[in-house]
Amino acid sequence: MPALKLHDTLTRTDRETTPLDGKTLRFYCCGPTVYGPAHIGNFRTFVAQDVMRRVVEASGTPTLHVRNITDVDDKTIRDSQKAGQTLTAFTQGWTQKFHTDCAALNLLPPHIEPSAVAHISQQVAMIEKLIAGGHAYAAPDGSVYFRVSSYKDYGKLSHLEDRELRLGASEAASATDSDEYTKDSLTDFALWKARKPEDGENFWPSPWGEGRPGWHLECSAMILEYLGEDFDLHSGGVDLIFPHHENEIAQSCCSTHGHFAHHWMHVAHLMVDGGKMSKSIGNLYTLEDLAQRGYSAMEVRYVLISGHYRAPLNFTMHSLDSARQALQKLAKADKALATVSPALPEAKSAGPFQEAWETLLNDLNVPGATGAIFGVLNKLKPAALSAEEATAARNGLHFMLQALGLTLPVLADEAATDVPADIQALAQQRWDAKQAKDWAAADTLRKELEAAGWLIKDSKEGFTVVAK
RNA sequence: GGCGAGGUAGCAAAGUGGUAAUGCACUGGUCUGCAAAACCGGUAUGCGCGGGUUCAAUUCCCGCCCUCGCCUCCA
């Protein structure tokens, strides 16, 4: 099978994702900082990465997926103290919540999920190498900084080479910040942060004194540990391009002989009601928020993949309704095929959905692929298909669903929900009225049932009651 | 100011040098006492604006306008 072609942020071209070792696609995703529940914007990135992984695997290439947990930084320390918990207890709680949400969204768990706190020694070792190589220096207060001027390719990914010449207003302001005075250059960034009183019990020993690692360093150190000096692909949200990924490249390339990531995937941001998500506007939704409004995680997933991952996507409540209907439509199509081909679908190849599959291989064009799926489905007449044709179609449909990570909702009329006796009695009353051609009474009863949340479906032989 | 991503029907969102997938919504029909469900249809002469190239541009080129993001922690 042909390999996935994926846009590469560094070269700004679409390139095939062929494993360096010819076998396994080894990739790293910047994971969550666990100081609260992740919101749907965070999940857009993780869902896009999940689709990427699924497509690679569906095309026959195994993956090695590493995604970190950031469990030490200003926010985790600050909020754990507010919560009156140890950093470990606090971050473990939110890590668990993250895992629950990931499972609900049908995200494949990473093969390795390293925590920053568990890799302090690797981070210290990397700093030592950087200092030895003249790429880093310890400041008088015990902090260690990376010397950006020592790495000539700095800025290559974000195309901010001449950044120092064009310092933004906010940065000029921070130059006077007492926190920054020990740096040789404004652009140098912290590898190690000297212990401060507000860090509480959260510090570790190092050759430069007690302190904690800088945020950028953890990814570099854990990548080296689990993926080595060269690996296939690195992914994250667009906002990480600068400075986070730029800094990772600098740290890693200056402390090893490798080329670090050979391919960069960045996922565009999710917007809400046309604007940026922010706590102050109150449009930061979590899965729990949406569950309270009656939307399933799978419906959220559908929305999150309904736009191309490199274009901003606007999230609205209406888009969730739309997703619900789309998923229902897929479930109904599957059900219709299942009447001709009842066996468990195998999902090994795209079958009649080849066009959709190829669209997906072209830089993960999910909206194009789902469009192609519906296009085929709309023309398909399950009843007219032979058992073989139906089986091929059903297998193909499930192959695509698996690649997209979609699971089908249970249709209302299959849900076997218990209809309360009083509802059932009302429905029977209505049926009787209908048989007696007392249309007014029948309609009144139907409205009553609808108000109670139940729908009536009539057929020649009788009726069924279905939850609304 | 620099870098980047976008502007396509009511909403969302693909795509192509030859006159626009798909989902939702809306709507016509079949069916039904009427509905629902199902099935069969319809719905952008138009793809931010202005030029240019071309037999032909929404699609290429130039300019402009607007939106969003990054340049400080951020998926």
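None of these values were measured; they are calculated from a predicted model. Chain letters run A, B, ... following the sequence lines, proteins first, then strands; residues in each count from 1.
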Legend entry - Atom-pair distance (CG on A/N42; C1' on B/C73), nearest Å: 13 Å
Inset, instruction - Starting from P on B/C70, measure out to CD1 on A/I241 and report it in whole angstrom. - result: 11 Å
Inset, instruction - Spell out, as yes or no, whether a donor-acceptor pair under 3.5 Å connects the side chain of A/R301 to the backbone of A/L404. - result: yes
Inset, instruction - Indicate yes or no for a side-chain donor-acceptor contact from A/Q325 to the backbone of A/D321 under 3.5 Å, with no hydrogens or angles considered. - result: no
Inset, instruction - Check the distance between B/G69's C1' and A/L240's CG and give it to me in whole angstrom. - result: 12 Å
Inset, instruction - Show your working on ring-ring contact (aromatic ring centres under 6.0 Å, His included) between A/F399 and A/W357 and close with a plain yes or no. - result: CA-CA 9 Å; A/F399 176 81; A/W357 173 239; 4.8 Å; yes
Legend entry - Separation of B/U72 P from A/D188 CG (nearest whole Å): 13 Å
Legend entry - A/S185 (side chain) donor-acceptor with A/T187 (main chain) under 3.5 angstrom: yes
Legend entry - Nearest to side-chain heavy atoms of A/L270, which nucleotide of B/A75, B/G4, B/C71: B/A75
Legend entry - Summary of protein contacts for nucleotides 29-39 of chain B, nucleotide by nucleotide, where a base hit scores B, a sugar-phosphate-only hit scores S (4.0 Å, heavy atoms): ---SBBBBSS-
Legend entry - Distance, C1' atom - from B/G29 to B/A57, rounded to whole angstrom: 38 Å
Inset, instruction - Mark up nucleotides 12-27 of chain B, 5' to 3', with B wherever a protein heavy atom is under 4.0 angstrom from a base atom, S wherever such an atom reaches only the sugar-phosphate, and - elsewhere. - result: SSSS-----BSBB---
Inset, instruction - Output yes when a side-chain donor or acceptor of A/R44 lies under 3.5 Å from a complementary backbone atom of A/H269, and no otherwise. - result: yes
Legend entry - Euclidean distance for P, B/G41 against B/G63 (whole angstrom): 47 Å
Legend entry - Donor-acceptor contact present, side-chain A/D188 to main-chain A/Y145, <3.5 Å: no
Inset, instruction - Whole angstrom is fine here: how far is it from NE2 in A/H244 over to P in B/U72? - result: 15 Å
Inset, instruction - Give the C-alpha distance, both sets of side-chain angles, the deciding distance and a yes or no for side chain to side chain donor-acceptor pair (under 3.5 Å) between A/E358 and A/Q354. - result: CA-CA 6 Å; A/E358 282 166 17; A/Q354 187 59 29; 3.0 Å; yes
Legend entry - Donor-acceptor contact below 3.5 Å, side chain A/R54 vs main chain A/Q402: yes
Legend entry - P gap between B/A36 and B/C31, integer Å: 15 Å
Legend entry - Validation row: A/D334, A/L397 side chains within 4.5 angstrom (heavy atoms): yes
Legend entry - C1' atoms of B/C68 and B/G18, separation to the nearest Å: 34 Å
Inset, instruction - Pick the P atom in B/G48 and in B/A14, then give their distance to the nearest Å. - result: 14 Å
Inset, instruction - May I ask you to decide if A/V117's main-chain N or O and A/D71's side chain share a donor-acceptor pair within less than 3.5 Å? - result: yes
Inset, instruction - Please state the P separation for the pair B/C26 and B/G10 - nearest whole angstrom. - result: 15 Å
Inset, instruction - Please map the stems of RNA chain B, keeping only stretches of three or more Watson-Crick or G-U wobble pairs with both distances under 3.5 angstrom. - result: B:1-7 with B:65-71, B:10-12 with B:22-24, B:26-30 with B:38-42, B:48-52 with B:60-64
Inset, instruction - May I ask you to verify if any side-chain N or O of A/R78 is less than 4.0 angstrom from the OP1 or OP2 atom of B/C73? - result: no
Legend entry - Rounded P spacing from B/A9 to B/C62 in Å: 25 Å
Inset, instruction - Would you mind classifying the nucleic acid contact of A/G236 as base, sugar-phosphate or nothing, using non-hydrogen atoms under 4.0 angstrom? - result: sugar-phosphate
Legend entry - Atom pair distance, as rounded to whole Å: CG in A/D239 and C1' in B/C68: 13 Å
Legend entry - Atom-pair distance (CZ on A/F242; P on B/C70), nearest Å: 13 Å
Legend entry - Carboxylate-amine/guanidinium contact A/K193 A/D199, below 4.0 Å: no
Inset, instruction - Could you work out the separation of B/A20 and B/A56 based on their C1' atoms and round it to a whole Å? - result: 16 Å
Inset, instruction - Keeping the roles fixed (side chain from A/H263, backbone from A/L6), state whether a donor-acceptor pair exists under 3.5 Å. - result: yes
Inset, instruction - In whole angstrom, give the distance that lies between atom CZ of A/F98 and atom P of B/A75. - result: 10 Å
Legend entry - Any side-chain donor near an acceptor of the partner, A/T76 and A/T91, under 3.5 Å: no
Inset, instruction - For the side chain of A/H216, starting at C-beta, report the closest nucleotide among B/G69, B/C68, B/C73. - result: B/C73
